[in-house]
Undergrad: 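Quick one: structure below, then a few questions.
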Number of protein chains: 2
Amino acid sequence: MHTSPDVETALRGASLRVTRPRAAVLAAVYDHPHADTDSIIGAVRASLGEVSHQAVYDVLRALTAAGLVRRIQPSGSVARYESRVGDNHHHVVCRSCGAIADVDCAVASTPCLTASDDHGFAIDEAEVTYWGQCPACSTTPAPARSS
Amino acid sequence: MHTSPDVETALRGASLRVTRPRAAVLAAVYDHPHADTDSIIGAVRASLGEVSHQAVYDVLRALTAAGLVRRIQPSGSVARYESRVGDNHHHVVCRSCGAIADVDCAVASTPCLTASDDHGFAIDEAEVTYWGQCPACSTTPAPARSS
DNA sequence: CGGACTTTCTTGAATGATTCAAGAACGCGG
DNA sequence: CCGCGTTCTTGAATCATTCAAGAAAGTCCG
């Protein structure tokens with residue numbers, strides 16, 4: 001579980017103090033892409049022992065603010081975190097099981113960044129969320145929610 | 001204020017029973033695009049008198065399921081509803097004040113619907129959220145966040 | 001290397017949107 | 001006008017996230 005040896009480097013590079021909880025949280029996000037806060041808390045506790053959920057929430061906020069992790073939150077889902085930052089990629093979310101997968105922008109660069117009518121907004125990011133069914137849920141007979 | 005006379009028609013067209021709460025909620029969504037649940041509750045009570053929040057939540061779910069309204073929920077925001085459905089449009093969200101505006105897809109049809117690598121997902125919708133600063137917040141020096 | 005200052009972690013409780021449950025009221029088809 | 005089934009009311013519960021205050025730890029400096 002020496003997950004990422006450069007976790008410390010990353011923290012220092014972001015001018016953040018290096019504490020055990022922070023290293024563990026960052027490593028957990030690297031190891032479990034798209035994990036929700038609760039999963040991260042579990043992963044952190046598995047490697048460090050008891051850690052307060054408050055500390056994890058606090059660390060996640062600090063890491064997000066520092067740009068080391070990205071927070072995503074599809075409608076109807078709790079907050080999730082991922083370590084891929086800086087590159088322009090989006091997500092596919094399964095309507096049935098909530099699974100999330102990364103998707104690189106189809107049109108390379110940042111095409112969607114140019115809205116037809118921006119209403120005077122100064123747009124700095126375009127976030128795309130694809131909705132559908134994951135492979136597992138497509139083959140399996142629709143679970144509940146029939147009409 | 002009988003906002004939209006065809007509210008009943010819309011409800012019947014969706015095979016939904018026409019009740020006063022439903023008509024009021026639907027009218028409220030038409031009148032207040034991108035309003036959150038609490039605002040809708042307020043608007044409904046302004047026209048009908050006391051109505052339980054539970055009823056509004058229930059109605060909003062029914063209307064959403066029927067496709068009469070669309071539910072949107074940008075990260076860090078509560079659920080919001082809008083009446084524009086069926087057309088392929090997206091949203092710009094102000095990072096400062098949370099204001100939301102409609103934006104028609106820059107590339108006309110549904111370009112983004114084709115992800116570069118869909119990971120086997122059966123994609124049926126591409127939702128785009130633009131993030132930036134609204135005109136008011138761009139000109140005004142960052143308003144601390146007091147409220 | 002040690003001390004002091006600042007940031008971060010712990011503990012415990014609160015907030016707030018949304019949902020669940022059970023019974024009463026109402027809309028709709030007959 | 002009646003009865004059935006859906007929908008509204010009331011009241012409480014859930015759960016992610018946040019707030020607050022004090023203890024502990026990290027970093028900088030001499």
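Numbers restart at 1 for each chain; the letters A, B, ... are given by sequence-line order, proteins then strands.
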Undergrad: Working to the nearest 0.5 Å, report the span between CZ of B/R95 and SG of B/C134.
TA: 13.0 Å

Undergrad: Does a salt bridge link A/R84 with A/D104, judged by any charged N lying under 4.0 Å from a carboxylate O?
TA: yes

Undergrad: If the cut-off is 4.0 Å, is A/T37 near the phosphate of D/dT17, judged by side-chain N/O to OP1 or OP2?
TA: yes

Undergrad: Look at all strands and tell whether B/A62 reaches a base, only sugar-phosphate, or nothing, counting heavy atoms closer than 4.0 Å.
TA: nothing

Undergrad: Rounded to the nearest angstrom, tell me the gap between atom CG in B/L48 and atom P in D/dC8.
TA: 11 Å

Undergrad: Enumerate the protein-to-nucleotides 26-30 of chain C contacts in which both atoms are nitrogen or oxygen and the separation is below 3.5 Å.
TA:
residue : atom : partner : partner atom : Å
C/dG27  : O3'  : B/V18   : O            : 3.4
C/dG27  : N2   : B/R17   : NH2          : 3.3
C/dC28  : OP1  : B/R12   : NH1          : 3.2
C/dC28  : OP1  : B/V18   : N            : 3.1

Undergrad: In the structure I gave you, are the side-chain heavy atoms of A/I72 and A/E82 within less than 4.5 Å of one another anywhere?
TA: yes

Undergrad: Do B/R80 and B/H91 touch side chain to side chain, with heavy atoms closer than 4.5 Å?
TA: no

Undergrad: What's the CG-P distance between A/D38 and D/dT17, to the nearest Å?
TA: 9 Å

Undergrad: Taking the side chain as everything from C-beta on, heavy atoms only, tell me whether A/I41 gets closer than 4.5 Å to A/V51.
TA: no

Undergrad: Starting at atom CZ of A/R45, determine the distance to atom P of C/dT10, rounded to an integer number of angstrom.
TA: 9 Å

Undergrad: Let me confirm one number: the NE2-CG distance from A/H53 to A/D58, rounded to the nearest 0.5 Å.
TA: 11.0 Å

Undergrad: In whole angstrom, give the distance that lies between atom CG of B/L63 and atom C1' of D/dT7.
TA: 13 Å

Undergrad: Closer than 3.5 angstrom, by distance alone: can the side chain of B/R22 be matched with the main-chain N or O of B/R17 as a donor-acceptor pair?
TA: yes

Undergrad: Starting at atom CZ of A/R22, determine the distance to atom C1' of C/dT10, rounded to an integer number of angstrom.
TA: 15 Å

Undergrad: Whole angstroms only, please: what is the CG-C1' distance between A/L60 and C/dT8?
TA: 14 Å

Undergrad: Roughly what angle, to 10°, lies between the helix axis at the start of the helix from C/dC1-D/dG30 to C/dG30-D/dC1 and the one at its end, five pairs per end?
TA: 40°

Undergrad: Kindly give the atom pairs (protein nitrogen or oxygen, nucleotide nitrogen or oxygen) under 3.5 Å for nucleotides 11-15 of chain C.
TA:
none

Undergrad: Strictly by modelled atom types, are A/E127 and B/T129 linked by a side-chain donor-acceptor pair under 3.5 Å?
TA: no

Undergrad: Roughly how many Å is it from CG in A/D58 to P in D/dC19, rounded to a whole number?
TA: 10 Å

Undergrad: I need the CZ-P distance between A/R61 and C/dC9, as an integer number of Å.
TA: 13 Å

Undergrad: Let's go through A/D38 and A/V78 carefully: what are the C-alpha distance in whole Å and the side-chain angles of both, what is the deciding distance for side-chain contact (heavy atoms from CB on, under 4.5 Å) to 0.1 Å, and is it a yes or a no?
TA: CA-CA 9 Å; A/D38 211 52; A/V78 297; over 6 Å; no

Undergrad: Assess the residue pair A/H34 and A/D102 against the criterion (side-chain hydrogen bond (donor to acceptor under 3.5 Å, both in side chains)); give the C-alpha distance rounded to whole Å, side-chain angles, the decisive distance to 0.1 Å, and a yes or no.
TA: CA-CA 9 Å; A/H34 311 137; A/D102 287 338; 2.8 Å; yes

Undergrad: Looking at A/T19, A/D6, A/L63, A/V59, which one forms a side-chain contact (heavy atoms from CB on, under 4.5 Å) with A/L11?
TA: A/L63

